[in-house]
Amino acid sequence: MACMTMPWFECREGIFEIDEFDCTEIFVVVGNERALVIDTGTGIGDLKGLIERKITDKPYIVAASHNHGDHIGGAGWFSPIFIHSKDMDWNTSGVVPTLEFRKNYANMITHRENKHYAYDPDTDIREWPQTPEFLPMEDGHRFELGGRTVTAYHCPGHTAGEMVFLDDKTGTLLCGDAFNCNWLLNTGIATTPRESAQIALNAMERIYAMRDRYNSVFNFHHDFRGFGQPLSPDVIPNLITCLRQLLESKASFRQEADGLNPGKTKTVAYVNNVFISCMGYDIRALSEA
């Protein structure tokens, strides 16, 4: 099975990162009594079997960082799944985890990375056997795993219900797509794009203010960090500075390769090692508004 070829690594004590063929990362946090699985990737092969046969024999809870198809694409093999109430309807996400999307996404990654992967989208990316039950997960939700607690915090910006997860045992922040070097703002989370940017800025500043409680940050795509290695500590403050500059009409812009459309470029606002773009919106117009 393709699942047995997926790389996985204990990046922190009891925290396992699973690399879904450069598509998405899945994290498993193992406590003394139970485990927490965060995200289900694009849904390539038997993720459930990999977790249960290779990583832990403990009962586990499943949570989603947000409702995009590359993060809940494997949700049909797990139920129930905790997700923020604002992301419960994946049909409004703009990145719906249909079979077609999941296959197209995996093929896009293959083309972009120019690698051979040990899976066949036609056989290893399958229809969901069930529609999972979604349970509400609000800000401050605590997952008691036995000997460690993982607390989920609301961090809207990439989606309206994006969540980050703080492990108290290791001081590790698992952040989905809430923080990336190539960060994508969802301008539809509020009435106007500028209001969306302000909500995202407020959320980032709040999580950054907690930095005395975490010592490393892992996003769920490792294209700007090594597999098993955390994000550079200056990513979050640089994102905050970039959003501030956008809202103050002081942003700097450049063209960058569009990671979701190989061979094409997009306009981004940037500060040092990070850049920001918008979903379906010219980011220069956001700064000029």
With R284 as the cation and F253 as the aromatic partner, state whether NZ or CZ is under 6.0 Å from the six-membered ring centre and within 45° of the axis. no
Using a strict 4.0 Å threshold on nitrogen-to-oxygen distance, state whether R225 and E17 make a salt bridge. yes
Would you find a donor on one side and an acceptor on the other, under 3.5 Å apart, between the side chain of S232 and the backbone of V235? no
Check whether any side-chain heavy atom of L185 sits under 4.5 Å from a side-chain heavy atom of T187, and report yes or no. yes
Could you go step by step and tell me if F101 and V95 meet the side chain to side chain contact (heavy atoms under 4.5 Å, CB included) rule? CA-CA 8 Å; F101 166 80; V95 191; 3.2 Å; yes
May I ask you to check whether H154 and H141 show a side-chain donor-acceptor distance below 3.5 Å? no
Any Y60 side-chain heavy atom under 4.5 Å of F78 side chain: yes
When every non-hydrogen atom of C23 is compared with those of Y105, the smallest separation belongs to O-OH, 3.3 Å
Evaluate the side-chain proximity of P136 to F82: yes if any heavy-atom separation is below 4.5 Å, no if none is. no
For E127 and L99, which heavy atoms make the closest approach, and how far apart are they? OE2-CD2, 3.5 Å
Apply side chain to side chain contact (heavy atoms under 4.5 Å, CB included) to the pair D39 and F220, showing each step before the final yes or no. CA-CA 9 Å; D39 283 359; F220 284 32; 3.1 Å; yes
Return the CD1 to SG distance between I283 and C278, rounded to the nearest 0.5 Å. 4.0 Å
With the side chain counted from C-beta on, respond yes when E133 and S79 share a heavy-atom pair under 4.5 Å apart, and no when they do not. yes
Using side-chain heavy atoms (C-beta onward) and a distance below 4.5 Å, is P97 in contact with W128? yes
Non-hydrogen side-chain atoms of V150 and L166 separated by less than 4.5 Å: no
Output yes when R12 and E10 qualify as a salt bridge under the 4.0 Å nitrogen-oxygen rule, no when they do not. no
Does the side chain of N272 pick up a donor-acceptor pair with the side chain of D234 at under 3.5 Å? no
Output for pair (T24 OG1, H222 NE2), nearest 0.5 Å, gives 10.0 Å
Between V268 and F179, is there a shared hydrophobic cluster once you connect ILVMFWY residues whose side-chain heavy atoms come closer than 4.5 Å? no
Between K169 and D167, does at least one N-O distance fall below 4.0 Å, as a salt bridge requires? no
Apply side-chain hydrogen bond (donor to acceptor under 3.5 Å, both in side chains) to residues N219 and D177 and explain how you reach the verdict. CA-CA 6 Å; N219 64 322; D177 283 352; 5.9 Å; no
Dump the intermediate steps for side chain to side chain contact (heavy atoms under 4.5 Å, CB included) on L286 and Y281, then the final yes or no. CA-CA 8 Å; L286 186 155; Y281 190 83; 3.8 Å; yes
Can a salt bridge be assigned to the pair K48 and E52 using a cut-off of 4.0 Å between side-chain N and carboxylate O? yes
Cluster link L231 to I240, ILVMFWY, side chain under 4.5 Å: yes
Return yes if some donor-acceptor pair links the side-chain N/O of R194 with the main-chain N/O of L247 below 3.5 Å, else return no. yes
Spell out, yes or no, whether W90 and L47 are grouped together once hydrophobic residues are joined by side-chain heavy atoms under 4.5 Å, including indirect joins. yes
If you define the side chain from C-beta out and look only at heavy atoms, does anything of I51 sit under 4.5 Å from V28? yes
With a sphere of 6.0 Å drawn around CD of E13, does it hold more than 12 non-hydrogen atoms of other residues, nucleotides or ligands? no
Separation between OG (S65) and CD1 (I38), nearest 0.5 Å, reads 8.0 Å
Does the pair D168/R148 count as a salt bridge with the N-to-O cut at 4.0 Å? no
Using 30° and 60° as the class boundaries, would you call the ring planes of H221 and H71 parallel, tilted or perpendicular? perpendicular
If you define the side chain from C-beta out and look only at heavy atoms, does anything of P262 sit under 4.5 Å from M108? yes
Test log, rule ring pair (Phe, Tyr, Trp, His ring centres under 6.0 Å), inputs Y119 and F21: CA-CA 9 Å; Y119 69 88; F21 304 104; 4.8 Å; yes
Test applied, side chain to side chain contact (heavy atoms under 4.5 Å, CB included); reference residue, F16; option that passes from T56, V30, V37: V30
Could you check whether T42 and E20, counting side-chain N and O atoms only, form a donor-acceptor pair closer than 3.5 Å? yes
Which pair of non-hydrogen atoms, one from R254 and one from F275, has the smallest distance, and what is that distance? NH2-CD2, 3.8 Å
Please check if the number of heavy atoms outside K86 that lie under 6.0 Å from its NZ is greater than 12. no
Could you tell me whether the side chains of T265 and E256 share a donor-acceptor contact shorter than 3.5 Å? no
Decide yes or no on side chain to side chain contact (heavy atoms under 4.5 Å, CB included) for Y270 and Q245, but give the supporting numbers first. CA-CA 9 Å; Y270 71 94; Q245 290 179 351; over 6 Å; no
Minimum heavy-atom separation for P132 to I81, with atom names? CB-CD1, 4.0 Å
Any side-chain donor near an acceptor of the partner, S85 and E138, under 3.5 Å: yes
Show your reasoning for whether side-chain hydrogen bond (donor to acceptor under 3.5 Å, both in side chains) applies to H66 and D87. CA-CA 6 Å; H66 61 294; D87 274 8; 5.9 Å; no
Using a cut-off of 6.0 Å, state whether more than 12 heavy atoms not belonging to R142 lie near its atom CZ. no
Under the side-chain hydrogen bond (donor to acceptor under 3.5 Å, both in side chains) criterion, do Q255 and T267 qualify, and how do the steps go? CA-CA 5 Å; Q255 293 297 115; T267 302; 2.6 Å; yes
SG/C242 to CD1/I276 distance, rounded to the nearest 0.5 angstrom? 4.0 Å
Identify the two heavy atoms, one from V217 and one from C175, that lie closest to each other, and give their separation to 0.1 Å. CG1-SG, 3.7 Å
Less than 4.0 angstrom from a charged side-chain N to a carboxylate O is my criterion; do E100 and R102 meet it? no
Return the CG to CG distance between N180 and L239, rounded to the nearest 0.5 Å. 8.0 Å
Is it the case that D22 and Y117 place a side-chain donor and acceptor less than 3.5 Å from each other? yes
Of all heavy-atom pairs linking I18 and F227, the shortest is C-CE1, 4.5 Å
Indicate if I55 and F27 have the same hydrophobic cluster label, given that clusters are the connected sets of ILVMFWY residues with side-chain heavy-atom separations under 4.5 angstrom. no
Greater than 12 external heavy atoms within 6.0 Å of N114's CG: no
N67 and side chain to side chain contact (heavy atoms under 4.5 Å, CB included): which single residue from T159, V96, N91 fits? T159
Any side-chain donor paired with an acceptor under 3.5 Å for H158 and N186? no
Test of understanding: clusters of I, L, V, M, F, W, Y form through side-chain heavy atoms closer than 4.5 Å, transitively. Do L246 and Y208 belong to the same one? yes
For the CD atom of Q198 and the CG atom of L243, what is their distance to the nearest 0.5 Å? 9.0 Å
